[in-house]
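Here is the structure we will look at, set down as structure tokens.
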Amino acid sequence: MDRIRIIGGRPLHGQIAVSGSKNAALPLMTAALLTDETVKLSNLPHLADIATLANVLSHHGVELHMNGETGDGGAGRVLELRAGRIENARASYDLVRKMRASVLVLGPLLARQGHAEVSLPGGCAIGTRPVDLHLRGLEALGARIDLADGYIKASAPGGLKGGEVVFPTVSVGATENLLMAATLAEGETRLVNAAREPEVSDLAECLVAMGADIHGIGGDTLTIRGVGRLHGTDYAVIPDRIETGTYAMAAAITDGEIELLGARSAHLRAALAKLDEAGVKVVESNRGLTVSRKNGPLTGTDVETDPYPGFPTDLQAQFTALMTTARGESRICETIFENRFMHIPELHRMGASIAIDGRTAVVRGQSALRGAPVMASDLRASASLVIAGLAAEGETVVNRVYHLDRGYERLEEKLCGCGAGIERIRGD
Ligand SMILES: CC(=O)N[C@H]1[C@@H](OP(=O)(O)OP(=O)(O)OC[C@H]2O[C@@H](n3ccc(=O)[nH]c3=O)[C@H](O)[C@@H]2O)O[C@H](CO)[C@@H](O)[C@@H]1O
Ligand SMILES: C=C(OP(=O)(O)O)C(=O)O
């Protein structure tokens with residue numbers, strides 16, 4: 001298994017091209033199931049999760065062609081997907097267990113084929129992550145759902161019918177599944193208390209480009225009038241706001257300066273406000289964002305994760321790492337996932353002082369971090385360990401790097417380009 005070795009203590013200086021967003025690209029890929037024409041996605045990141053979903057889609061009969069190469073200019077890859085015919089509406093446990101987002105094939109398959117059978121994705125390190133909201137929503141559109149043998153068996157022989165879905169909790173994935181299903185349902189669907197994440201809006205914009213009739217994009221109520229068919233389109237994936245935030249924090253913790261090419265501040269307002277409060281300067285230009293410290297040490301800053309436009313849970317672990325070196329105490333409250341503090345025991349190994357009080361991590365700052373061998377438990381926990389390692393004195397070795405490869409494209413190369421002492425040690 002690969003590991004990442006970091007020699008910390010070097011301020012990072014340079015430029016990093018922000019990749020296309022993983023969490024936008026995944027639903028966009030599943031949207032290709034809704035049409036028999038070609039959907040061409042550009043600025044696609046080169047990531048393990050993209051390859052996993054491509055494999056799932058190819059089992060459904062989608063033809064995939066990867067044309068572009070990832071370049072330093074951030075052009076990203078171009079993927080053509082054509083679901084001329086759905087050969088198989090079953091997503092097996094072996095395919096789905098590798099990545100929860102595979103459940104996003106459910107809505108499109110049901111809408112296009114009238115039936116689908118998808119393995120229940122199960123829990124993961126950050127929480128139990130049920131899919132009840134996806135299933136209840138599809139039932140409100142007339143689907144019949146049975147759970148048997150670990151599979152979601154969904155059918156709508158007469159086709160899906162528009163309806164009102166009021167989400168009791170904001171769910172990105174459930175909003176995306178329902179949005180896709182509703183595009184081909186008969187009549188009007190209203191999704192109330194829908195997720196407003198930029199990745200949801202990106203999906204909605206792409207669906208509109210495919211011929212869908214969607215109103216309220218960017219708001220918490222989406223109205224979809226079903227259409228008879230969707231057609232192909234060319235669509236560019238938005239830049240990854242979580243990758244942007246992660247490298248912004250790497251610049252801040254090392255007291256360096258990084259220009260994040262292609263980054264969009266509009267998608268990161270809450271996180272940038274917190275960085276500002278902590279003493280991080282972010283300057284916007286037409287090329288992206290340049291991040292450095294304002295002057296002197298960082299200041300302890302409290303954060304609470306919330307659905308968009310709040311502070312993203314996907315940046316909580318990285319912000320916690322950043323706050324270990326700040327002056328004063330920070331209270332980091334995680335409200336989205338019940339078990340997203342797996343990075344904390346590992347940060348302790350590096351000398352951080354953090355106490356967990358229920359959903360809140362209380363970080364006592366100004367730790368002199370020291371390198372240590374640490375274990376990555378999930379994607380963003382891994383990123384937080386890399387950030388801490390970049391600031392720590394001596395050598396940090398991050399084990400189980402496959403988590404990082406799910407969501408960070410060429411991480412070592414990007415950080416190396418800014419002067420970081422970081423390398424991948426290839427395993428068996
Ligand atoms: C591929 C992708 O885009 N992943 C993102 C997506 O995950 P994902 O779409 O899985 O996250 P959700 O927004 O659905 O989850 C939010 C909360 O709702 C709960 N819930 C969700 C669905 C459901 O049917 N029942 C239920 O109770 C979850 O357990 C969680 O506590 O949004 C999360 C929240 O911003 C991010 O951390 C993930 O990076
Ligand atoms: C939790 C994440 O992804 P997923 O929903 O695919 O597990 C993430 O991107 O931080």
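Heavy-atom basis, side chains included; hydrogens, waters and symmetry copies ignored. This structure is a prediction, so every number in the text was calculated from the model and none was measured. Whatever order the structure lists ligands and atoms in, that order sets their numbers, starting from 1.
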| said: List ligand 1 atoms under 4.0 Å from V131, heavy atoms only on the residue side. | reply: 23 (C), 24 (O)
| query | Is ligand 1 under 4.0 Å from a heavy atom in the side chain of V172, in the backbone, in both, or in neither? | reply | both
| field | Heavy-atom nearest option to atom 7 (O) of ligand 2, drawn from R380, R129, M99, K22 | value | R129
| query | Which atoms of ligand 1 are found less than 4.0 Å from any heavy atom of H134? | reply | 24 (O)
| request: Give the residue and atom name of whichever protein heavy atom lies nearest to atom 1 (C) of ligand 2, and the separation in Å to one decimal. | output: R340 NH2, 3.4 Å
| task | May I ask you to identify the nearest protein heavy atom to atom 6 (O) of ligand 2, giving residue, atom name and distance to one decimal place in Å? | result | R406 NH2, 2.8 Å
| Should you measure from each heavy atom of N23, which atoms of ligand 2 turn up under 4.0 Å away? | 9 (O)
| request: Could you tell me whether T128 approaches ligand 1 through its side chain, its backbone, both or neither, with non-hydrogen atoms closer than 4.0 Å? | output: neither
| query | Any side-chain donor-acceptor pair under 3.5 Å between E304 and T335? | reply | no
| said: As a test of the contact definition, would atom 19 (C) of ligand 1 count as having a protein heavy-atom neighbour under 4.0 Å? | reply: no
| message | Taking a cutoff of less than 4.0 Å between a non-hydrogen atom of the residue and any ligand atom, is L104 in contact with ligand 1? | response | no
| message | For P130, state whether at least one heavy atom is located under 4.0 Å from any atom of ligand 1. | response | yes
| task | Could you list which atoms of ligand 2 come closer than 4.0 Å to a heavy atom of D314? | result | 8 (C), 9 (O), 10 (O)
| task | Report the part of D378 in contact with ligand 2, treating N, CA, C, O as backbone and CB onward as side chain, heavy atoms under 4.0 Å; options are side chain, backbone, both, neither. | result | neither
| note | Going by the 4.0 angstrom heavy-atom rule, the piece of L133 near ligand 1 is both
| query | Are M99 and ligand 1 in contact, using a heavy-atom cut-off of under 4.0 Å? | reply | no
| query | Considering only heavy atoms, does R380 approach ligand 1 within less than 4.0 Å through its side chain, its backbone, both, or neither? | reply | neither
